[in-house]
There are 2 protein chains.
Amino acid sequence: MESEELRNVGLKVTTPRLKILGLLENAKSKHMTAETIYRQLSESGEVIGLATVYRALAQFEAAGLITRHQFEGGQTVFELERGPHHDHIVCVRCGRVEEFYDKVIEDRQREIAEKLGFTLSDHALTLYGECSGGTCTAKNG
Amino acid sequence: MESEELRNVGLKVTTPRLKILGLLENAKSKHMTAETIYRQLSESGEVIGLATVYRALAQFEAAGLITRHQFEGGQTVFELERGPHHDHIVCVRCGRVEEFYDKVIEDRQREIAEKLGFTLSDHALTLYGECSGGTCTAKNG
DNA sequence: TCTCACTTGAGATTCATTCTCACCAACCAG
DNA sequence: CTGGTTGGTGAGAATGAATCTCAAGTGAGA
């Protein structure tokens, strides 16, 4: 139950928050912008202000329910915090986002940070390229 | 001579471009925002519009003279393209930026992109952590 | 020096995000 | 179940980074 999730992180259970969380859990595309969420909610008849979407997303992020990714080109997407860590590859033409995980890279990162005298707390790895074939035509995926 | 660099990449040699390029070459901090560049030029008495700064930086980037990096927090910094490719590790406490290059990671990235059906055009890898010892105290380095 | 295409500066504009504020709804007490 | 308090909400204004517009300016070849 989504209300549980909200209560667990100390957020009051409200209709907008439930709708937004529900959308994130059921959306076909895992990575959504605030605008996309707002538009999809509007289309399903919900009257939820854009400001509320941004507010809720910020709170969810602070609570660790979702993660924010800032890709180049000003595209900021949110993703439900589920499953293991992964990085992203973004198509610069159609905006499609794929996920990947590579142990070699992960390990190297830690080694590099250590060698430079840093205690690694986080990292952002995003690859940019063009995806091939018919998948890359639409405006989004 | 900076005018050479401009001519070589097919840009007309103008005062604003020379000033901006010169600032990038002499600045104490390698990574600068457009705003910072604009402010520093203004402070040294140059009358250069912010729009011109953005335009010039975009042109320099297109010409390969400089590189654009988008770190967390939406801060976009520019850096003179000198020496080989490298990625960054940023101290989340003091803001210090170190550079590194790792062939293993570079190679893996290309392999991953290929495996996923992407033609890699670029990548952004930034590590975040805390740098150790006395180096990490000031507000910047 | 003259000319013209390319540049520039100031301000308007855009776009994503955040803020403001009057109104409203969730939750606890009764 | 109901009313009060407190925090949440929506609409639109405000912000800030970046881009565009356009009249005026300037580099560089003739």
Side-chain angles (χ1 to χ4, degrees), chain A residues 1-23 31-63 65-66 68-78 95 139-140, chain B residues 1-23 31-42 44-63 65-66 68-78:
Chain A
M1 200 85 181
E2 285 122 13
S3 23
E4 293 295 307
E5 298 188 59
L6 288 177
R7 228 182 294 274
N8 288 343
V9 299
L11 288 174
K12 199 183 266 191
V13 179
T14 68
T15 315
R17 287 179 187 159
L18 285 174
K19 296 290 183 189
I20 294 168
L21 201 49
L23 181 56
H31 305 85
M32 312 186 73
T33 67
E35 274 289 333
T36 307
I37 293 170
Y38 171 68
R39 216 169 328 109
Q40 294 205 8
L41 287 171
S42 296
E43 279 164 16
S44 38
E46 306 296 337
V47 182
I48 293 181
L50 184 55
T52 302
V53 174
Y54 276 107
R55 259 185 310 234
L57 289 172
Q59 290 162 331
F60 294 171
E61 187 196 8
L65 293 180
I66 63 177
R68 176 196 305 256
H69 300 292
Q70 256 187 286
F71 299 146
E72 272 171 24
Q75 196 183 18
T76 301
V77 302
F78 296 86
K139 188 75 232 309
N140 207 297
Chain B
M1 200 91 179
E2 284 122 14
S3 23
E4 292 296 306
E5 298 189 59
L6 288 176
R7 228 182 294 275
N8 288 342
V9 298
L11 289 174
K12 196 181 270 188
V13 180
T14 68
T15 315
R17 286 179 187 158
L18 285 174
K19 296 290 183 188
I20 294 168
L21 202 49
L23 181 56
H31 306 84
M32 310 185 74
T33 68
E35 274 288 333
T36 307
I37 293 170
Y38 171 68
R39 217 168 328 108
Q40 294 203 9
L41 287 172
S42 297
S44 38
E46 307 296 338
V47 182
I48 293 180
L50 184 55
T52 302
V53 174
Y54 276 106
R55 259 186 309 234
L57 289 171
Q59 289 162 332
F60 295 171
E61 188 195 8
L65 293 180
I66 64 177
R68 177 195 306 256
H69 301 293
Q70 260 186 302
F71 296 150
E72 264 179 23
Q75 272 246 102
T76 303
V77 302
F78 296 86

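First the proteins, then the strands, lettered A, B, ... as listed; each starts at 1. All figures in this text were calculated on a predicted structure; none of them were measured in a lab.
Distance check, rounded to the nearest 0.5 Å: CD of A:Gln59 to OH of A:Tyr54 gives 15.0 Å. Here CG of A:Leu57 is found 9.5 Å from OG1 of A:Thr33. Values are rounded to the nearest 0.5 Å. Atom NZ in A:Lys19 sits 14.5 Å away from atom CD1 in A:Ile37 (nearest 0.5 Å). In this structure, B:Phe71 CZ and A:Gln70 CD are separated by 12.5 Å, a value rounded to the nearest 0.5 Å.
Of the listed nucleotides (C:dT17, D:dG10, C:dA10), D:dG10 has the atom at the smallest distance from the side chain of A:Pro16.
Rounded to an integer number of Å, the gap from NZ of A:Lys19 to P of C:dA25 is 15 Å. To the nearest angstrom, C1' of C:dA26 lies 17 Å from CD of A:Glu2. Rounded to a whole Å, the CD atom of A:Glu61 is 12 Å from the P atom of C:dT17. In this structure, A:Arg55 atom CZ and C:dC21 atom P are separated by 14 Å, rounded to whole Å. Separating the CD atom of B:Gln70 from the C1' atom of C:dA16 is a distance of 13 Å, rounded to the nearest angstrom. Taking atom CG on B:Leu41 and atom C1' on C:dT8, their separation rounds to 14 Å, with Å as the unit. Per the geometry, CZ belonging to B:Arg39 stands 12 Å off P belonging to D:dA18, to the nearest Å. One can place CD of A:Glu35 at 16 Å from P of C:dT14, the figure rounded to the nearest angstrom.
Among the atoms of the strands shown, only primed sugar atoms or phosphate atoms (P, OP1, OP2) are found under 4.0 Å from some heavy atom of B:Thr76. Heavy atoms of A:Leu50 sit under 4.0 angstrom from at least one base atom.
For the OP1/OP2 pair of D:dA18 and a distance below 4.0 Å, the side-chain nitrogens and oxygens of B:Tyr54 include at least one atom meeting the criterion. Proximity of A:Thr15 to the phosphate of C:dA25: no side-chain N or O atom is located under 4.0 Å from OP1 or OP2. A close approach under 4.0 Å does occur between a side-chain nitrogen or oxygen of B:Arg17 and OP1 or OP2 of C:dT8.
Here the closest non-hydrogen pair linking A:Leu18 and A:Ser3 is CD2-N, 3.7 Å. Of all the heavy atoms in A:Val53 and A:Ala34, the pair that sits closest is CG1-O, 3.7 Å.
Residues B:Ser42 and B:Arg39 bring no donor and acceptor atom of their side chains to less than 3.5 Å of each other.
Toward the 5' end of DNA chain D, the nearer of the two residues B:Arg68 and A:Gln59, judged by each one's closest nucleotide, is A:Gln59.
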Output one line per pair: protein atom, nucleotide atom from nucleotides 27-30 of chain C, and distance, for all N/O pairs under 3.5 Å.
{"from": "C:dC27", "atom 1": "OP1", "to": "A:Val13", "atom 2": "N", "distance (Å)": "3.2"}

